[in-house]
Q: 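Structure provided below as structure tokens; questions to follow.
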Amino acid sequence: MATMDMVRSTRNSRQPRGISRWQRVQTSGSSVSLRAGIVAIMALWFPQSGMLSTVHERALADEPSVALAPSLMDGNAKRSTETIHHAIAASAARTPSGTERNDPRLSTLASTSVAAMRLTLPPLPTSPHSIATRMPLRASSYKEVGDMLAIRVQKRLQKSDMLVIWLLDTSQSLADKRDQLNVGLTSYFQHFPRRPETSHRMLNAIVTFGAKMKERVAPTQSHIRITNAIHKLPTDPTGTENTFESIERCAISYRKDRPNIELLIIVWTDESGDDAAKLEETIQTCQLNMASVTVIGPMAVLGSEKTTEPFVDPILRETHELPVTRGPDSALPERIELGYWFLTQEPDHIQNPGRGFAMSRLPSWFGSGNRVLDHHTCIAATQVDLPTWYGGGDLTGLVSGFGPYALTRLAAETGGTYVILTDNDHAGPFQNQALRAYLPDYRSIDAYVGDIESMPLRHAVMEAVKTLSGKHVGSPPTLLFGQQSETPPYGFMRTYYTPTRFANKVRMMRRRLRTEANRKSRIVEQALAHVSSSDTLEVGLDQEYTAEPSRRWKAWYDLTRGRLLATSVRLEAYRKTIEALAEPGFLEPATNYAVLVPSSHLRINSTYRYRADEAKRLLLRCVRQNPNTPWSLLAQRELDYALGLDVRQFKITLAAMTAGNCNKRLPLPKL
């Protein structure tokens, strides 16, 4: 995970790219003159002027490299004033043959023009929501995506010729979806007759990417060539997806070949890319080459970069969970890495469905906000069949409802759109209407980090995130000397011990279990200090919470501090329980198996009792003030089990067991 220190280092070492990037995208044998550059800027800011349109058309005849795509002239994409200033300065310093000029008069002319433009052009956007304020579009099928894209392309085609570059991900994860992709493209082309009614023509090209990019179908008007090529696309075995580098290369090469046509790059992928560090450079390249980028991609993971995707082995038909990159939804991960205690289960004694996401296949207790499992049987409970979007027992892969930050920002900055393509198992229950107030900040990472450094509540949350990053703070063993599973087959496995041997192992393991609990507790306390008053960990940041304008960051604070307080209480209860378990006389003579279960009975001092009450207050506030959002689900998951611990003792007998096979592993029976 990128830390704030890494971001600052990257930001401080970044070199200005304006002039060099402009020079790199010039067409061969020709450069942009100062006159044409100024005309281009005037057309951007005054697109409705007939005089400027005429002048612009004349400029295109002489200087095709400054052709303005209709989408840009219509104001659909934002233009960086400073980037254009660099472009003018660079173009003024070059001769038509591309050699550098030494005439000082030209340098004076360039600086004067830039200064004049700075006075007359509107200022750069500074509002946190000026870049992207709309929720991403959603589609549940490839056909729906095709129809959606066709409507948008038809509007642009009425104004100009177009080249649509289909930039397709050829990784293994999309190999089995070629037929569906073809359905989407077929649906798309059905909107465009063979003989178009307008005078403008549309060309299409297919380019694939993985570790490398390659053109598969050159620009053509043949719809059949495009659809027929889909089944012949190779699969990239590397697993690497250089998404942003491929977009850059498309923008440069296709603009060079066709300077007078509107350029639209449609990226079709199921991951967020392995080279997102090139984001800002890619944005600049696309803007300079007047290339709009639309992305058909996945829903991002909340506050994390990686998740897993089930993959069925085509030969053995075995299912494997493979890592994929689908996040984060924000510029930096904003969620603490902290595991949950106990398995995700649906208690068999709770029958009434909870409020919230009735059709989401969640446990019936989700969404109630007031049920706490006390003395839960754990073993007898029914294991929930978790949907993919839920992200596993610790919800590490929980979907966010938003697109990945880097691809969403790229689309917004180039006048394109991000479309989330999901099926029912990946979509999640979070709807746009509920999430609209929780949009991530899609400005540059510099602006994002600047706000974090200047706004106390955000800074506190991100420091807690940094403290827990990579520390693997999950629950210590609650099923003593056994194994439990969150994946099929759901159940418990244990090694058989005699009562005497079991009691000896408990005493021998007490020190190791306590040491591990202490390690995790120290990390939690360090993280908790960042979201607490400077005087004491028991006092939160109430004033900073009141001053924070963002509902998203308020939700993060309640969830972060609430979960840290709850975990600190659980760890203290765990230490007390392990000590009691090893005391002589605590275990019954026939006990050879024990499970730690949640309990409302807290064997802790007054300080931790106060923490328990404060944790419940913050988590309940998170649930109630952020309904039907990922934050309410994460908070409710913590509330579902009481914070105290109790010991359940069992006697397991094996009638045919002999001394020679006492280590035989057997499935634990339901009790």
Side-chain angles (χ1 to χ4, degrees), residues 335-344 372-376 378 393-396 463-482 484 506-507 509-532 536-540 558-583 586 594-619 634-648:
R335 177 183 171 185
I336 55 173
E337 297 178 16
L338 186 62
Y340 285 94
W341 289 50
F342 310 112
L343 297 181
T344 308
V372 176
L373 304 187
D374 192 3
H375 296 284
H376 178 44
C378 287
D394 282 337
L395 292 89
T396 52
E463 287 298 311
V465 170
K466 184 169 65 174
T467 300
L468 284 167
S469 177
K471 301 299 175 54
H472 307 291
V473 180
S475 63
T478 55
L479 180 70
L480 298 184
F481 316 121
Q484 58 193 19
V506 169
R507 285 191 290 271
M509 294 293 291
R510 172 177 57 178
R511 182 174 181 178
R512 187 182 71 82
L513 294 175
R514 184 180 58 199
T515 299
E516 179 63 10
N518 287 339
R519 181 193 73 84
K520 294 179 178 181
S521 183
R522 285 193 296 270
I523 298 172
V524 169
E525 296 291 303
Q526 292 170 8
L528 188 57
H530 292 298
V531 286
S532 304
T536 174
L537 299 183
E538 280 63 55
V539 178
D558 281 346
L559 180 66
T560 302
R561 179 167 167 79
R563 290 207 60 211
L564 288 171
L565 287 169
T567 303
S568 72
V569 173
R570 292 189 195 277
L571 287 168
E572 175 66 9
Y574 184 86
R575 289 191 290 263
K576 299 290 186 183
T577 303
I578 291 297
E579 291 295 331
L581 188 64
E583 291 297 325
F586 185 90
V595 178
L596 305 188
V597 296
S599 170
S600 59
H601 181 57
L602 297 174
R603 299 184 182 89
I604 52 180
N605 60 32
S606 59
T607 297
Y608 283 96
R609 289 180 184 274
Y610 177 82
R611 287 190 180 188
D613 293 338
E614 181 67 2
K616 293 177 183 177
R617 182 184 74 85
L618 293 174
L619 292 170
L634 292 168
Q636 183 62 54
R637 175 68 175 84
E638 190 71 78
L639 289 167
D640 284 329
Y641 292 96
L643 298 181
L645 289 176
D646 224 336
V647 181
R648 296 193 67 206

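Position 1 is the first residue of the sequence; numbering continues from there.
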Q: What I'd like to find out is whether the side chain of R637 reaches to under 4.5 Å of the side chain of R563, using heavy atoms alone.
A: no
Q: At their closest point, which heavy atom of A573 faces which heavy atom of G644, and how far apart are they?
A: CB-CA, 4.5 Å
Q: Measure the spacing between NE2 of H530 and CG of L537 and express it to the nearest 0.5 Å.
A: 10.5 Å
Q: Work out which heavy atom in R611 is nearest to a heavy atom in S568; give both atom names and the distance.
A: NH1-OG, 3.2 Å
Q: So, do P477 and L513 sit near enough that their side-chain heavy atoms are less than 4.5 Å apart?
A: yes
Q: Give, for atom CG of L643 and atom NE2 of H601, the distance between the pair rounded to the nearest 0.5 Å.
A: 14.0 Å
Q: Using 0.5 Å steps for rounding, measure from the CD atom of E572 to the OG1 atom of T577.
A: 9.5 Å
Q: Do the side chains of E614 and V539 get nearer than 4.5 Å, heavy atoms only?
A: no
Q: Test salt bridge (Lys or Arg N to Asp or Glu O under 4.0 Å) on E463 and K466 and set out the steps.
A: CA-CA 5 Å; E463 287 298 311; K466 184 169 65 174; 3.4 Å; yes
Q: Would you say the side-chain atoms of S469 pair up with the backbone N or O of V465, donor to acceptor, closer than 3.5 Å?
A: no
Q: Is the number of heavy atoms from other residues, nucleotides or ligands under 6.0 Å of R609 CZ greater than 12?
A: yes
Q: Within the side chain of R561, is there an N or O that forms a donor-acceptor pair under 3.5 Å with the backbone of V531?
A: yes
Q: Testing the basics here: between A615 and A566, what is the closest heavy-atom pair and its distance to 0.1 Å?
A: CB-N, 3.7 Å
Q: For S600 and A642, which heavy atoms make the closest approach, and how far apart are they?
A: N-CB, 3.8 Å
Q: Between V647 and F586, is any pair of side-chain heavy atoms under 4.5 Å apart?
A: yes
Q: Could R603 and Y608 be counted as a cation-pi pair, given that NZ or CZ must be under 6.0 Å from the ring centre and within 45° of the axis?
A: no
Q: Which value, rounded to the nearest 0.5 Å, describes the distance between L645 atom CG and R575 atom CZ?
A: 11.5 Å
Q: Should the pair R522-E525 be classified as a salt bridge under the 4.0 Å nitrogen-to-oxygen rule?
A: no
Q: Out of R514, R512, R519, which residue meets the side-chain hydrogen bond (donor to acceptor under 3.5 Å, both in side chains) rule with E516?
A: R519
Q: Against V524, only a single residue in L571, L565, I336 fulfils side chain to side chain contact (heavy atoms under 4.5 Å, CB included); can you say which?
A: L571
Q: For the backbone of T607 and the side chain of N605, can you confirm whether one donor and one acceptor N or O come within less than 3.5 Å of each other?
A: yes
Q: Mind checking whether Y574 and W341 have parallel, tilted or perpendicular rings, split at 30° and 60°?
A: perpendicular
Q: When you look at NZ of K576, are more than 12 heavy atoms from neighbouring residues, nucleotides or ligands closer to it than 6.0 Å?
A: no
Q: Could you state the interatomic distance from CG (L634) to CZ (R335), rounded to the nearest 0.5 Å?
A: 4.5 Å
Q: Under 3.5 Å, side chain of S521 to main-chain N/O of A517, donor-acceptor pair present?
A: no
Q: What's the shortest heavy-atom distance between A582 and R510, and which atoms?
A: CB-CD, 3.4 Å
Q: Can you tell me how far apart CG (D646) and CG (L596) are? Round to the nearest 0.5 Å.
A: 9.0 Å
